[in-house]
2 protein chains.
Amino acid sequence: MTSDGVKDGETPRRSRRGSGAVTLHDVARIAGVAPITASRAVNTPTQVSAEVLRKVSDAIARTGYVPNRTAGALASARSRLIAAVVPTIAGSVFLASVQALTETLAASGYQLMLGQSGYDPQREDALLEAIIGRRPDGIVLTGILHTPEGRRRLVAAGIPVVETWDLTPTPIDMLVGFSHVDVGRRVAEHLHGRGRRRLAIVSGDDERARRREDAFASAAQALGLPEVRHVIVPAPTTLRSGRAALSELLQAGADVDAVFCSSDMLALGVITEAQSRGLAVPEALAVIGFGDLEFAADLHPALSTVRINGAEIGRQAARFIVERAEGRPVESRIVDIGFSIAERESV
Amino acid sequence: MTSDGVKDGETPRRSRRGSGAVTLHDVARIAGVAPITASRAVNTPTQVSAEVLRKVSDAIARTGYVPNRTAGALASARSRLIAAVVPTIAGSVFLASVQALTETLAASGYQLMLGQSGYDPQREDALLEAIIGRRPDGIVLTGILHTPEGRRRLVAAGIPVVETWDLTPTPIDMLVGFSHVDVGRRVAEHLHGRGRRRLAIVSGDDERARRREDAFASAAQALGLPEVRHVIVPAPTTLRSGRAALSELLQAGADVDAVFCSSDMLALGVITEAQSRGLAVPEALAVIGFGDLEFAADLHPALSTVRINGAEIGRQAARFIVERAEGRPVESRIVDIGFSIAERESV
DNA sequence: GTGAAAGCGCTAACAA
DNA sequence: TTGTTAGCGCTTTCAC
């Protein structure tokens with residue numbers, strides 16, 4: 001008798017459904033070993049004899065067997081699935097993080113499930129429920145802001161969580177980010193140091209950008225500069241909204257000599273609008289962006305911007321998650337990856 | 001006795017692991033119904049009495065139960081998971097498709113697993129194996145080119161497949177795309193119609209772009225134009241490679257009055273380089289892009305480009321997949337969503 | 001409308 | 001090194 005109660009050599013009757021796909025049982029039967037042995041040959045080949053390994057490999061090659069990870073996940077309580085939540089992937093500064101995350105995880109045998117919250121806390125909650133239902137081995141979040149409900153759920157689920165792109169002394173679990181307050185302050189100081197006095201800020205309507213904005217304004221005030229002009233544009237930010245923002249500023253008769261934009265795309269919009277009006281950048285107007293996207297360094301004029309190592313955020317988040325999933329303790333749970341100001345031609 | 005052999009009201013002993021999470025059994029026990037009844041209350045509420053529904057809902061609220069979709073997927077052979085493969089998400093023209101896909105699927109209760117093949121057939125194959133192992137209810141592919149091995153695997157797995165962003169008479173399964181050959185031809189005709197005679201093409205090194213390129217060159221020849229100048233840049237394309245490409249063209253002494261770029265970012269690069277050299281666009285040089293990304297219409301000059309409705313590709317792909325997953329037959333398996341030429345200032 | 005039984009495909013625990 | 005047993009948490013089948 002074989003282990004599943006089927007007489008030797010007979011075709012097993014599947015009393016229910018069965019997708020018809022090749023299963024580990026089929027492979028084991030063909031290889032002439034027990035299912036668990038075939039499982040070991042697949043997952044921990046060092047634990048089986050060369051003889052068994054050969055027979056099982058042959059059987060797999062002959063049948064085209066692809067392990068059913070869903071079943072494996074259920075049995076082992078390890079899904080090898082990681083979820084990531086971003087506000088949006090459209091033209092976003094988070095792409096480098098997601099890309100690095102995907103690649104680093106793939107290298108360790110994990111896959112990514114991507115969700116978009118659309119800057120909407122309610123959708124984020126719904127998404128969280130859907131994600132938790134999949135029992136991923138980890139969740140990577142963009143930002144630290146969650147509804148109390150979402151936070152509670154996440155803690156209750158007991159799934160490792162990495163929050164990113166921000167800093168807080170009280171993360172849910174692990175954290176990889178930088179200080180938006182520091183960014184705002186440093187940019188104000190940078191512009192001041194370059195002789196700019198009449199500052200403006202064009203900012204997307206999202207929480208982190210608002211925090212940079214506030215810090216920027218406070219720092220300007222502390223430096224004795226006139227009040228900062230603000231233009232808020234909807235998130236996600238676009239080239240178009242950058243153009244519109246500069247128009248608005250100019251039409252309001254604002255006397256500005258430098259603009260801090262909450263994204264590089266917005267900055268490109270401001271530069272584009274300036275150029276179309278014959279306003280020289282940086283002579284008449286300095287422009288500084290945020291993100292240091294691929295194109296920033298190659299614009300004409302080259303865009304000064306706040307450089308965030310988004311890829312490193314993704315990589316570090318992946319490392320955190322994998323460490324945890326493999327059961328290794330994570331020594332430091334909070335990593336401040338910092339930022340720098342890429343000084344180029346537009347300031 | 002309850003159905004799982006545990007005496008009424010007693011704590012079930014879990015002989016093996018058990019994540020400790022609340023299960024449907026727990027909910028059922030608290031609600032005083034059988035597990036299957038609780039399952040029905042959750043999944044097909046119309047099939048249970050109001051009384052049962054209330055008791056089960058209460059129990060769920062009290063326990064914070066989140067259904068384990070992994071177990072559900074295994075039992076029902078429906079994962080409600082869809083996989084998508086893109087070459088890369090970095091600054092890509094596919095983002096609109098992925099975004100629309102995610103949203104449309106989410107609205108029907110499906111989630112997206114995202115994989116990046118990095119324009120590498122081998123990685124695509126590895127990815128495919130990882131994906132098939134998850135037994136998704138559908139797979140959305142970018143492009144139609146797969147290794148024979150990958151194609152074989154996909155067919156063997158019996159999972160609904162939608163190929164996108166291209167056209168072929170022999171899709172693996174379903175298809176949403178447009179003709180790259182037509183694009184190349186139409187752009188050549190468009191430039192010719194606008195009085196341009198000395199054409200060049202700057203193209204990313206990927207298969208679809210090459211096909212547009214070839215069709216563009218052939219059409220130019222058919223129109224009696226001088227031979228088209230080609231510059232091939234690595235994929236993914238960037239602003240930088242666009243600038244470099246125009247420099248190369250100019251340094252080679254090429255006498256060109258129009259450039260067709262295989263992406264809008266590339267086109268922005270060409271425009272940027274032209275501007276930095278004092279070369280007027282469109283007067284001295286016409287530039288046309290591909291993709292009609294968000295920023296294209298708002299550049300200065302506004303970028304003429306090939307408009308692809310990427311979001312619609314994503315939505316249609318989602319519809320295909322969901323129809324199939326719900327067991328409804330898909331009437332037409334091939335959709336040509338076409339394209340148009342957005343005529344703006346750069347030509 | 002509700003429930004008992006069986007099992008999806010795999011692996012942890014324990015035994016030999 | 002290999003195998004037996006017993007599930008992981010859910011849903012299908014079939015019966016009432």
Side-chain angles (χ1 to χ4, degrees), chain A residues 1-6 12-29 31-53 55-56 63 65-80 132-135 327, chain B residues 1-6 12-29 31-53 55-56 65-80 132-135:
Chain A
M1 301 281 281
T2 57
S3 67
D4 50 354
V6 174
R13 282 145 288 110
R14 291 249 137 74
S15 57
R16 248 205 336 167
R17 47 243 123 137
S19 54
V22 179
T23 71
L24 188 61
H25 270 76
D26 300 329
V27 170
R29 191 163 30 75
V33 299
I36 183 65
T37 303
S39 170
R40 284 196 270 251
V42 171
N43 298 310
T44 51
T46 56
Q47 292 192 18
V48 299
S49 64
E51 167 72 0
V52 163
L53 189 54
K55 287 192 293 188
V56 172
T63 55
Y65 169 68
V66 179
N68 184 330
R69 306 274 174 217
T70 302
L74 183 60
S76 67
R78 289 197 49 199
S79 62
R80 294 193 155 270
I132 292 171
R134 304 276 177 193
R135 304 296 192 268
Chain B
M1 302 280 282
T2 57
S3 66
D4 53 353
V6 175
R13 281 144 290 109
R14 291 251 137 74
S15 58
R16 247 208 329 168
R17 47 244 126 133
S19 54
V22 179
T23 70
L24 188 62
H25 270 76
D26 301 330
V27 170
R29 191 163 31 75
V33 298
I36 182 59
T37 303
S39 170
R40 284 196 269 252
V42 172
N43 298 310
T44 50
T46 57
Q47 293 194 17
V48 298
S49 63
E51 167 73 0
V52 163
L53 190 54
K55 287 193 294 188
V56 172
Y65 169 67
V66 179
N68 184 330
R69 306 276 174 214
T70 302
L74 183 60
S76 67
R78 290 197 48 198
S79 61
R80 295 193 154 269
I132 292 170
R134 303 277 176 194
R135 305 293 192 268

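Chain A is the first sequence line, chain B the second, and so forth, proteins listed ahead of strands; every chain is numbered from 1. Only this structure's heavy atoms are used, side chains among them; waters, hydrogens and symmetry mates stay out.
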Could you pull out all donor-acceptor pairs under 3.5 Å where a side-chain atom in residues 65-73 of chain A meets a protein atom, sequence neighbours excluded?
{"from": "A/Asn68", "atom 1": "OD1", "to": "A/Thr70", "atom 2": "N", "distance (Å)": "2.9"}
{"from": "A/Asn68", "atom 1": "OD1", "to": "A/Ala71", "atom 2": "N", "distance (Å)": "3.1"}
{"from": "A/Thr70", "atom 1": "OG1", "to": "B/Arg134", "atom 2": "O", "distance (Å)": "3.4"}

Interatomic distance where CG belongs to B/Asp26 and P belongs to D/dG9 [whole Å]: 9 Å
B/Val48 side chain, from C-beta outward: closest of C/dT2, D/dC8, C/dC8: C/dT2
A/Thr37 side chain near A/Val52 side chain, heavy-atom distance below 4.5 Å: yes
Closest non-hydrogen atom pair between A/Asp26 and A/Ala21, with its separation: OD2-O, 3.9 Å
Side chain of B/Ala34 (C-beta onward), nearest among C/dC10, D/dT1, C/dG3: C/dG3
Separation of C/dC10 P from A/Arg78 CZ (nearest whole Å): 17 Å
For atom CG of B/Leu74 and atom P of C/dT11, their distance in whole Å: 12 Å
Value in whole Å for how far the P atom of D/dT13 lies from CD of B/Gln47: 13 Å
C/dC10 phosphate, OP1 or OP2, under 4.0 Å from A/Ser39 side-chain N/O: no
Comparing B/Ile36 and B/Ala71 on DNA chain D - which has the more 5′ nearest nucleotide: B/Ala71
Nearest-Å distance for atom pair CG/P, residues B/Leu24 and C/dA4: 14 Å
Donor-acceptor pair under 3.5 Å, A/Arg40 side chain vs D/dG3 base: yes
Salt bridge (charged side-chain N to carboxylate O under 4.0 Å, His left out) contacts touching residues 38-50 of chain A (sequence neighbours left out): none
Separation of atom CZ in A/Arg29 from atom P in D/dG3, rounded to whole Å: 15 Å
A/Leu53 CG to D/dT2 P, straight-line distance once rounded to whole Å: 10 Å
Whole angstrom value for the distance that separates C1' of C/dC8 from CG of B/Asn68: 13 Å
Residue mapping more 5' on DNA chain C - nearest nucleotide basis, B/Thr46 or A/Gly72: B/Thr46
Below 4.0 Å: OP1/OP2 of C/dG1 and any side-chain N or O of B/Ser49: no
B/Ser76 side chain near D/dC10 phosphate (N/O to OP1/OP2, under 4.0 Å): no
Straight-line distance of B/Ser49 OG to B/Lys55 NZ, nearest 0.5 Å: 7.5 Å
